[in-house]
Amino acid sequence: MGETQAVRAHEIPGIDVGRYPLEDPTSPAYEALVADARRQLVDTGAVEFPGFVTTSGVEALVADAEELACRAHHSEGLGTPYLELPADGWPAEHPRQTWSRYAVGAVPYDVIPRSSPLRQLYEWEPLCDLVEAVVDRGPLYRYADPFGALNLAVMGEGEELQWHFDQTDFVVSVAIQTADSGGYFEVHPRIRSEGDEHYDEVAAVLAGYGETCVTLPMTPGTLLVFEGRNSLHRVSPVGGGLVRHVGLLAFDTQPDRVGSELLRHDRYGRSQPFAEPPVGWPPSHQGVEA
Ligand SMILES: O=C(O)CCC(=O)C(=O)O
Ligand SMILES: [Fe+2]
C-alpha cells in the first residue's frame, strides 16, 4: 500500500501532496479536506484549493501551455447565456434572446500529448477520487468527449467569454497563467435554481447592473471546483500581451456522455477526433511531441 502511494505521488511531481494528501484518502487530513470543501461548495457553488500545484509544477504547466498553444482553435461569435439557440416566442429583450460576444481559444483533449503534465494531472486517478468525494453525487468519470474532456483554454488580448450558465454540472479548472489585465473569472453565485430561472436578475447582469458579482481568484496553481449550471459567469476581456492559460478538466456522473456536434464544430473546428495525439501538428508548428 505504502509503496503504491509513493509511486502515485511520484507520478505527479507538481502536486503539493503534503498540503493535499490525495494519495492517502483514509487519513483524517483527507477527510477534513473533503468536509471543508463540501461546505464551501454548498455555501458558494465553488471550492478553491490554493497552492494545489507547486511553484515548480506551475512552471512545468506554463512551459507545456506555451508548447500547446499553437494547437488552440480560436473561435469568435455571439452566444446566449444558455449556450443554445433561443426557442421561438421569447420577447426580443429577454435573456434567452440576448446575444453577447465570445472569442476564445481551446486546445482539445485529442491533441494533448500523453507527456503533457496537464494531461497527466487529468488522468491521475486520485484527482478524480477527490472531485468525486467533494461533489458527492455518486461515481464520477472523466468526461467521455474526445474534445471536451480536457481543454487548455488559451485567451489572448481582446478575447473573452460571455455571461453564461454551463451545461455540465461542474468544471474543475487549474489556473496556469493570468493575463496582464482582465481575463477575470466573474461569477454571480447561484443566481438561478433548478425550478426558478430568475430572469429579471439575469437580465440585470446582462445590462451591466448585477449586484452579486464575485471575482474568483485564478492564481496560478489554484485548483477550482465550480458548479456552473446555476451560477452565471464570464471571463472578462483579456488585456495586454500575456496569454491567459487555464486547464479545464471535465468529469461527469455518466460514463459515456459526449458534447454536441454543434459545439464540436464551433469550439474546436473539427468533428473527427485524432485516434492518438499527433506529432508535428499543425504542420507549420513543429516541436510538440506526443
Ligand atoms: O476559462 C475559464 O476560466 C472558464 C471557462 C468557462 O466558463 C467555460 O469554459 O465554460
Ligand atoms: Fe462556463
Side-chain angles (χ1 to χ4, degrees), residues 44-50 52-53 58 61-62 65 68-69 72-84 95 100-109 112 118 122 135 143 145 147-179 181-192 202 205-206 213-239 242-252 257 259-260 262-264 266-268:
T44 66
V47 191
E48 288 162 38
F49 297 101
F52 188 86
V53 182
V58 170
L61 288 175
V62 169
L68 291 177
H73 178 76
H74 289 265
S75 56
E76 182 173 357
L78 296 172
T80 72
Y82 303 93
L83 304 183
E84 59 188 22
S100 317
R101 175 181 183 263
Y102 68 85
V104 292
V107 180
Y109 189 38
I112 299 181
L118 183 63
Y122 179 55
V135 302
Y143 190 31
D145 190 275
F147 296 92
L150 173 65
N151 276 192
L152 172 68
V154 178
M155 294 173 70
E157 188 158 24
E159 292 192 304
E160 63 185 310
L161 188 57
Q162 89 274 11
W163 288 113
H164 66 280
F165 296 105
D166 290 341
Q167 290 182 341
T168 49
D169 288 331
F170 52 87
V171 68
V172 178
S173 62
V174 183
I176 297 173
Q177 179 167 280
T178 46
S181 65
Y184 302 123
F185 191 55
E186 299 177 345
V187 180
H188 290 268
R190 303 262 161 81
I191 196 170
R192 73 170 181 181
V202 175
V205 172
L206 300 176
C213 188
V214 295
T215 301
L216 297 185
M218 298 293 280
T219 312
T222 295
L223 185 89
L224 180 74
V225 180
F226 176 66
E227 277 182 339
R229 186 182 281 287
N230 293 320
S231 294
L232 191 64
H233 58 284
R234 73 162 182 170
V235 179
S236 69
V238 168
L242 206 56
V243 173
R244 176 187 191 270
H245 287 306
V246 173
L248 298 170
L249 292 61
F251 299 90
D252 206 290
R257 187 144 41 204
S260 69
L262 177 71
L263 186 67
R264 280 187 185 188
D266 284 357
R267 185 61 62 89
Y268 309 111

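Just so you know, ligand 1 is whichever comes first in the structure, and atom 1 is the first atom listed for that ligand.
- Here the straight-line distance linking atom CG of L152 with atom CD1 of I176 works out to 5.5 Å at 0.5 Å rounding.
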Query raised in the report: When you look at Y109 and Y143, which way does the ring-ring contact (aromatic ring centres under 6.0 Å, His included) test go after all the steps?
Result: CA-CA 10 Å; Y109 189 38; Y143 190 31; 9.9 Å; no

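- A heavy-atom distance below 4.5 Å is found between the side chains of T178 and P220.
- Of the heavy atoms in M155, none comes closer than 4.0 Å to ligand 1.
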**Report entry** Test log, rule ring-ring contact (aromatic ring centres under 6.0 Å, His included), inputs F251 and F170
**Finding:** CA-CA 8 Å; F251 299 90; F170 52 87; 7.3 Å; no

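- Taking atom 4 (C) of ligand 1 as the reference point, the nearest protein heavy-atom neighbour is F185 CE1, 3.7 Å.
- Atoms of ligand 1 lying under 4.0 Å from any heavy atom of H164, numbered from 1 in the order shown and given with element: 6 (C), 7 (O), 8 (C), 10 (O).
- Closest to the Fe ion (ligand 2) among the N, O or S atoms of H164 is NE2.
- Counting heavy atoms closer than 4.0 Å to ligand 1, residue V235 contributes side-chain atoms (C-beta onward) but none from N, CA, C or O.
- The protein heavy-atom contact nearest to atom 9 (O) of ligand 1 is L248 CD1, 3.8 Å.
- Shortest contact from atom 3 (O) of ligand 1 to any protein heavy atom: R244 NH2, 2.9 Å.
- Listed by number with element, the atoms of ligand 1 under 4.0 Å from a non-hydrogen atom of D166 are 10 (O).
- Between the side chain of H188 and the backbone N or O of V214, no donor-acceptor pair lies under 3.5 Å.
- Numbered from 1 in the order shown, with element, the atoms of ligand 1 that lie under 4.0 Å from a heavy atom of H233 read 7 (O).
- Among all non-hydrogen protein atoms, the one lying nearest atom 6 (C) of ligand 1 is L161 CD2, 3.4 Å.
- Under 4.0 Å from ligand 1, the heavy atoms of M218 that appear belong solely to its side chain.
- The aromatic rings of F165 and Y82 sit tilted, their planes meeting at an angle between 30° and 60°.
- A side-chain donor from one of R192 and N230 sits under 3.5 Å from a side-chain acceptor of the other.
- Between the CG atom of D266 and the OG atom of S75 there is a distance of 7.0 Å, given to the nearest 0.5 Å.
- D166 contributes atom OD1 as its closest N/O/S atom to the Fe ion (ligand 2).
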